Amino acid sequence: MPSNLARVNAAARAAVQTRFTALLHHVDVEALERAFRRQKRQASAGVDGITVSDYEQNLEANLQDLCTRVHTGRYRPQPVRRVYIPKADGGRRPLGVPTLEDKIVQGAVAETLSAIYEVDFLGFSYGFRPGRNPHQALSSLHTAIMSQRVNWVLDADIRSFFDSVDHEWLLRMLAHRIADPRVLRLVRMWLEAGILESDEWHETDRGTPQGAGISPLLANIFLHYVLDLWVQQWRGRHARGRVSIVRYADDFVMGFESGVDARQMMAALKERLAKFGLALHEDKTRLIEFGRLPAMARQQRGERRPETFAFLGFTHYCGWTRDGRFIVKHKTQSKRLSRKLTALRQDARRLMHQPLVEQHRWYSSVLRGHYGYFGLPHNWRSLNGFLQDVRRIWFSCLRRRSQKNRRMGWDWFEAVTACLPLPQPRIMHPWTPRAARCG
């Protein structure tokens with residue numbers, strides 16, 4: 001953290017009620033340059049068509065001009081270009097692509113605001129925060145279920161969260177800590193910049209576009225007040241047993257010792273979200289029995305093990321160790337795996353005529369990336385299954401390269417992979433004695 005933001009962070013930590021009246025001066029040329037360096041070089045351009053390479057050709061002058069416009073009030077955000085990406089359920093998720101300058105200013109402002117709100121955010125919030133990642137959230141959930149007498153799990157999903165954020169509520173929440181009208185004005189302009197879809201401008205009165213640099217922080221601030229603080233108070237005032245929660249952006253899982261608490265929370269949560277224009281997704285939100293005691297009771301009755309739930313790309317299920325102890329196990333979520341293999345087949349066909357060495361480098365990077373995220377304990381079988389699927393895809397593409405290759409069999413392919421071996425499955429994130437923080 002730069003020294004000026006470290007001082008802001010220290011002031012926020014010293015008094016949790018402090019309102020910051022002067023923050024925009026921290027959005028200087030150095031902050032804008034840091035935000036520019038964080039941009040992906042291959043990122044899509046916004047409505048102005050300017051790419052990272054274009055902007056970098058005269059970077060110093062461009063950043064100086066941008067900084068001047070921000071501080072003199074002449075900066076105006078451009079509409080967000082809307083694109084769609086496929087979802088696991090077959091639908092399409094809207095994604096916003098801001099212009100490069102909007103990304104830069106948003107990144108610099110988000111860096112400044114993060115220095116304040118990192119003090120306020122609670123320990124069970126993991127999404128899009130510095131120094132935190134999905135594996136810490138998964139470790140925290142594992143720790144909670146294994147050590148906090150969890151008997152019920154609420155697997156919750158907020159319907160179209162990023163499209164449903166109420167702008168006025170969000171600005172009121174920001175005003176609890178931020179009293180600089182210039183910063184609040186910037187946030188309002190970004191929220192109201194509108195969307196450009198098929199060359200037609202659409203007004204936005206709700207939501208924060210996914211893809212904007214400021215959106216993850218704004219989402220965390222909104223849910224901090226709507227959900228996190230409320231859950232913290234609810235379990236202290238109303239819960240009879242232990243209640244735990246792990247949240248990653250708008251995805252969260254809650255564990256309960258008492259079934260009465262779980263059902264009361266389900267009803268209270270719906271009412272709480274409705275006050276802010278949000279709603280639970282009825283088809284994706286489930287309250288299930290899950291944990292050591294439910295699993296043992298079902299085993300004694302000769303029934304199947306408890307239902308499973310999905311969180312952050314993993315299916316979590318009740319299992320047993322070789323010596324008969326209860327343990328929560330994880331495997332790659334089938335929907336996530338199917339979607340990834342479908343995209344992999346399409347990319348592989350485009351690369352099928354590249355040299356073998358280039359293909360091997362690409363397949364190896366895909367496998368290493370997959371192991372890097374999904375390499376959790378108890379998931380080796382899924383990792384190995386993914387490796388075998390990748391081998392079949394590569395073999396199929398190599399046979400399609402020519403009529404001659406169609407006569408080649410698995411013995412020929414084994415000889416190829418003996419010279420160009422693919423990375424083998426690895427558990428990259430073993431559980432450690434150091435427990436992650438859980439709520």
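Model, not experiment: these values are computed from the prediction. Numbering of residues begins at 1 and proceeds along the displayed sequence.
Atom CG of Leu280 sits about 6.5 Å away from atom CE of Met266, to the nearest 0.5 Å. Between the CD1 atom of Ile116 and the CG atom of Leu217 there is a distance of 10.0 Å, given to the nearest 0.5 Å. Residue Arg368 holds its CZ atom at 14.5 Å from OH of Tyr363, rounded to the nearest 0.5 Å.
Qualifying side chain to side chain donor-acceptor pair (under 3.5 Å) partners for Arg301, counting only residues two or more places apart in sequence or in other chains: Glu303. Arg74 pairs by the side chain to side chain donor-acceptor pair (under 3.5 Å) definition with Thr72, not counting sequence neighbours. Evaluation of the side chain to side chain donor-acceptor pair (under 3.5 Å) rule for Asp155 yields no partner, not counting sequence neighbours. Scored by the salt bridge (charged side-chain N to carboxylate O under 4.0 Å, His left out) test, Arg38 finds Glu111 as partners (sequence neighbours excluded).
Taking the six-membered ring where the residue is Trp, His330 and His142 present tilted rings, their angle falling between 30° and 60°. Between His135 and His429, the ring-plane angle classifies as parallel under the 30° and 60° cut-offs. In this pair, Trp230 and Trp234 present their aromatic rings tilted. The plane angle is within the 30 to 60° band.
Side-chain contact of Gln232 with Arg235: a donor-acceptor pair under 3.5 Å is present, judged by distance alone. Side chains of Arg247 and Ser125: a donor on one and an acceptor on the other come within 3.5 Å. In summary, the side chains of Tyr75 and Asp102 do present a donor paired with an acceptor at a separation below 3.5 Å, with no hydrogens or angles considered. Counting only N and O atoms by type, the side chains of His370 and Lys340 include a donor and acceptor under 3.5 Å apart.
A salt bridge links Arg188 to Glu168: one of the charged nitrogens lies within less than 4.0 Å of a carboxylate oxygen. By the 4.0 Å N-to-carboxylate-O rule, Arg206 lies too far from Asp163 to be salt-bridged with it. Between Glu56 and Arg37 a salt bridge is recorded (basic side-chain N to carboxylate O distance below 4.0 Å).
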Can you list the steps and then say if Phe290 with Tyr317 is a ring pair (Phe, Tyr, Trp, His ring centres under 6.0 Å)?
CA-CA 8 Å; Phe290 193 95; Tyr317 63 98; 8.8 Å; no

For Arg69 and Glu101: C-alpha separation, side-chain torsions, deciding distance, then whether salt bridge (Lys or Arg N to Asp or Glu O under 4.0 Å) applies.
CA-CA 11 Å; Arg69 284 186 281 127; Glu101 283 198 336; 2.8 Å; yes

Could you go through Asn151 and Arg292, starting from their C-alpha distance and side-chain angles, then the distance that decides it, and tell me whether this counts as side-chain hydrogen bond (donor to acceptor under 3.5 Å, both in side chains)?
CA-CA 7 Å; Asn151 299 317; Arg292 182 175 64 88; over 6 Å; no

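Proximity of the aromatic rings of Trp169 and Phe222 is defined here by a centroid distance below 6.0 angstrom, and this criterion is not met. For Phe128 and Tyr248, the ring centers are positioned less than 6.0 Å apart.
Here the closest non-hydrogen pair linking Asn220 and Ala249 is OD1-CA, 4.3 Å.
Within the structure, the side-chain hydrogen bond (donor to acceptor under 3.5 Å, both in side chains) test picks out the following pairs touching residues 19-31 (sequence neighbours left out): Asn4-His26. Within the structure, salt bridge (charged side-chain N to carboxylate O under 4.0 Å, His left out) pairs that include any residue of residues 252-268 comprise Arg149-Glu257 (at least two apart or interchain).
Annotation for Arg76: atom CZ counts as buried by contact number, over 12 foreign heavy atoms lying within 6.0 Å. The number of heavy-atom neighbours closer than 6.0 Å to CZ of Arg34, taken from other residues, nucleotides and ligands shown, is above 12. More than 12 heavy atoms of other residues, nucleotides or ligands lie within 6.0 Å of CD in Gln388, so this atom counts as buried by the packing criterion.
Two residues are said to be in side-chain contact when any heavy atoms from C-beta on lie closer than 4.5 Å; Asp166 and Leu170 fail this criterion.
For the pair Lys331 and Phe314, the NZ or CZ position fails the cation-pi test of under 6.0 Å to the six-membered ring centre and within 45 degrees of the ring normal.
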